[in-house]
Amino acid sequence: MATTFLSCGPFLRHHSHFSKFFFCCSNDAADASSTSSLPKSTTSSYYTRRWYNPSGRRQLNQEGVQILRHWIETDQPSASEEKFSVVSYNILAERNTWKHRGLYPNVPSPYLKWNHRKRVICEELLMWNPDIICLQEVDKYFDVSEIMEKAGYVGSYTRRTGDAIDGCAIFWKADKFRLIDEESIKFKMFNLRDNVAQLSVLEMSKAKSRRLLIGNIHVLYNPSRGDVKLGQLRYLLSRAEILSKKWRNLPFVLAGDFNSTPESAIYNFLSSSELNFMSYDRRELSGQSGCHPDKVLGVKTEVCAPFFFLGSQTKGLWTEEEVKVATGSADCKVVRNPFRLTSSYATIKGPPTTRGSTDEPLATSYHSKFLGTVDYIWYSDGLIPIRVVDTVPIDILLKTGGLPCEKVGSDHLPLVSEIAFTRTSE
Ligand code: KL2
């Protein structure tokens with residue numbers, strides 16, 4: 001396996017020392033269908049700043065730190081020859097870098113600038129050379145599509161409703177797939193906030209019998225509105241079922257930022273056939289509240305009294321309106337998932353440095369208020385993942401002090417999975 005050095009930076013200064021931080025990346029994936037490895041050039045640049053350490057945690061020594069991302073492969077006897085690679089990447093909307101500047105106290109301003117991030121994001125995307133790319137938080141679609149089109153991709157964009165101007169974008173390789181059907185979902189139409197999702201039916205050019213349904217979603221962020229998150233996913237899955245059936249039971253890949261952790265009820269809903277959501281507090285459905293970096297890293301935090309009292313009074317109570325939001329009907333107390341979905345990363349096991357007890361990555365997103373996993377690439381029956389690009393070991397991620405950094409263009413990491421049609425799914 002060849003190793004590709006993507007960058008050496010940011011170079012951070014804390015106290016009087018200069019420290020190094022490398023990002024490098026194994027790139028036997030230059031072409032998902034080839035085994036050749038093309039090591040790329042090593043570049044480096046210097047950047048200095050003060051180390052910000054609000055929690056008084058131990059000072060980090062970033063001397064010579066390297067981040068390595070590499071493919072993890074498995075042998076899947078049921079996999080056929082027909083396969084494709086998928087990326088899911090929340091690229092952090094340009095507007096959110098200044099609107100939520102407080103999330104990035106350790107990130108030097110140049111690494112938050114869109115021109116820099118655009119270059120880094122597109123370089124990384126093209127390096128993994130995926131067949132399908134699902135992006136979230138895209139507010140400069142034409143900047144990205146200009147680059148992707150030159151690289152042979154065709155794209156489709158769905159903008160959010162409301163004040164925020166970002167949206168979801170999906171790109172696919174023009175020579176590998178033909179688009180045969182698509183649907184944009186604007187949740188606003190169903191009173192489910194301003195988020196959007198996309199569904200596309202793609203047919204493989206070289207094997208016309210191989211068709212798949214690909215979904216892309218950025219679920220509502222608000223940690224306390226589990227009812228809305230559930231409602232968005234319930235609706236998306238119901239549309240996906242209709243589209244899948246329309247094309248004779250297409251296998252389904254669902255990528256995105258679900259703003260829900262692997263331990264959450266929302267995750268359980270996606271990976272099972274139904275969720276008895278009434279037994280959960282709607283403010284705890286997504287698991288986000290446990291993912292403040294201080295909490296994850298075991299630093300003591302003070303309990304906020306008003307929240308604490310409010311929590312004990314209303315815990316577990318669902319109003320009729322919230323039930324309606326989650327299920328679509330005030331009488332319905334269960335949400336149904338028409339697909340049997342499994343997460344690619346949980347299927348392909350990794351080392352304890354990158355994976356948690358659920359086998360999911362320990363973190364797909366990291367900034368001053370969040371350290372954890374919210375991004376997934378789900379697949380249905382008829383498909384099987386054969387490899388994934390593992391995430392960054394948590395200790396290495398911590399040494400960045402928070403994303404983005406010089407060579408990670410977003411506060412999320414891109415997920416990359418190669419997926420095969422199963423032999424029996426023809
Ligand atoms: O969690 V995200 O980041 O998928 O990476 O999705 C949302 C959040 C994104 C779009 O709404 O903006 C971020 N605190 C932290 N992050 C926030 C907040 C907030 N209050 N509001 C929005 N975002």
Side-chain angles (χ1 to χ4, degrees), residues 54 87-107 112 114 117 121 134-141 158-169 186-188 192-198 215-226 228-230 232-233 236 254-264 266-267 270 283-296 301 304 307 360-378 391-392 397 400 402-405 408-415:
V87 158
S88 181
Y89 196 7
N90 177 326
I91 62 169
L92 176 58
E94 191 273 332
R95 189 153 107 162
N96 286 347
T97 56
W98 48 265
K99 199 172 157 207
H100 304 140
R101 183 66 179 87
L103 301 178
Y104 314 107
N106 296 335
V107 183
L112 280 175
W114 170 243
R117 294 196 304 112
I121 286 164
C134 295
L135 303 179
Q136 306 86 38
E137 283 200 40
V138 182
D139 62 354
K140 301 272 185 188
Y141 176 71
T158 304
R159 220 195 96 165
R160 282 168 62 119
T161 54
D163 294 336
I165 52 162
D166 62 287
C168 289
K186 303 214 172 201
F187 292 108
K188 183 78 182 170
L192 291 169
R193 303 299 179 92
D194 289 315
N195 306 78
V196 294
Q198 303 176 297
N216 180 25
I217 186 170
H218 187 189
V219 172
L220 178 78
Y221 163 73
N222 192 336
S224 62
R225 295 309 302 265
V228 178
K229 292 175 200 259
L230 211 47
Q232 292 180 345
L233 289 167
L236 172 68
L254 179 56
D257 174 349
F258 293 77
N259 270 314
S260 306
T261 68
E263 295 78 18
S264 68
I266 299 275
Y267 183 99
L270 288 163
R283 292 157 306 143
E284 300 294 338
L285 276 188
S286 71
Q288 287 154 295
S289 65
C291 291
H292 191 287
D294 286 348
K295 240 183 186 172
V296 177
T301 50
C304 172
F307 242 102
E360 288 289 354
L362 285 164
T364 62
S365 178
Y366 179 32
H367 57 59
S368 69
K369 298 262 166 59
F370 188 87
L371 172 63
T373 292
V374 288
D375 305 279
Y376 308 94
I377 300 175
W378 299 90
T391 47
V392 176
L397 201 56
T400 66
L403 301 176
C405 59
V408 180
S410 169
D411 55 355
H412 290 245
L413 299 171
L415 299 186

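As the structure lists them, so they are numbered: ligands from 1, and atoms in each ligand from 1.
The side-chain contact (heavy atoms from CB on, under 4.5 Å) search around S368 returns L103, P105, not counting sequence neighbours. By the ring-ring contact (aromatic ring centres under 6.0 Å, His included) test, F370 pairs with no residue at all, sequence neighbours left out.
Counting heavy atoms under 4.0 Å from ligand 1, residue H100 touches it through the side chain alone.
Without hydrogens or angle criteria, T373 side chain to A363 main chain gives a donor-acceptor distance under 3.5 Å.
Inclusion of H412 in the set of residues having an N or O under 3.5 Å from an N or O of ligand 1 is warranted. In terms of N/O distances under 3.5 Å, ligand 1 is not approached by H367.
Counting atoms of ligand 1 from 1 in the listed order, those under 4.0 Å from a heavy atom of N96 are 9 (C), 10 (C), 12 (O). Against a heavy-atom cut-off of under 4.0 Å, D257 is close to the following atoms of ligand 1: 2 (V), 4 (O), 5 (O). Of all atoms in ligand 1, listed by their number and element, those nearer than 4.0 Å to a heavy atom of N90 are 4 (O), 5 (O).
No heavy atom of Q136 sits closer than 4.0 Å to any atom of ligand 1.
Considering only heavy atoms from C-beta on, N259 comes within 4.5 Å of K229 through its side chain.
The closest heavy-atom contact to atom 1 (O) of ligand 1, among the options V219, L103, N259, comes from N259.
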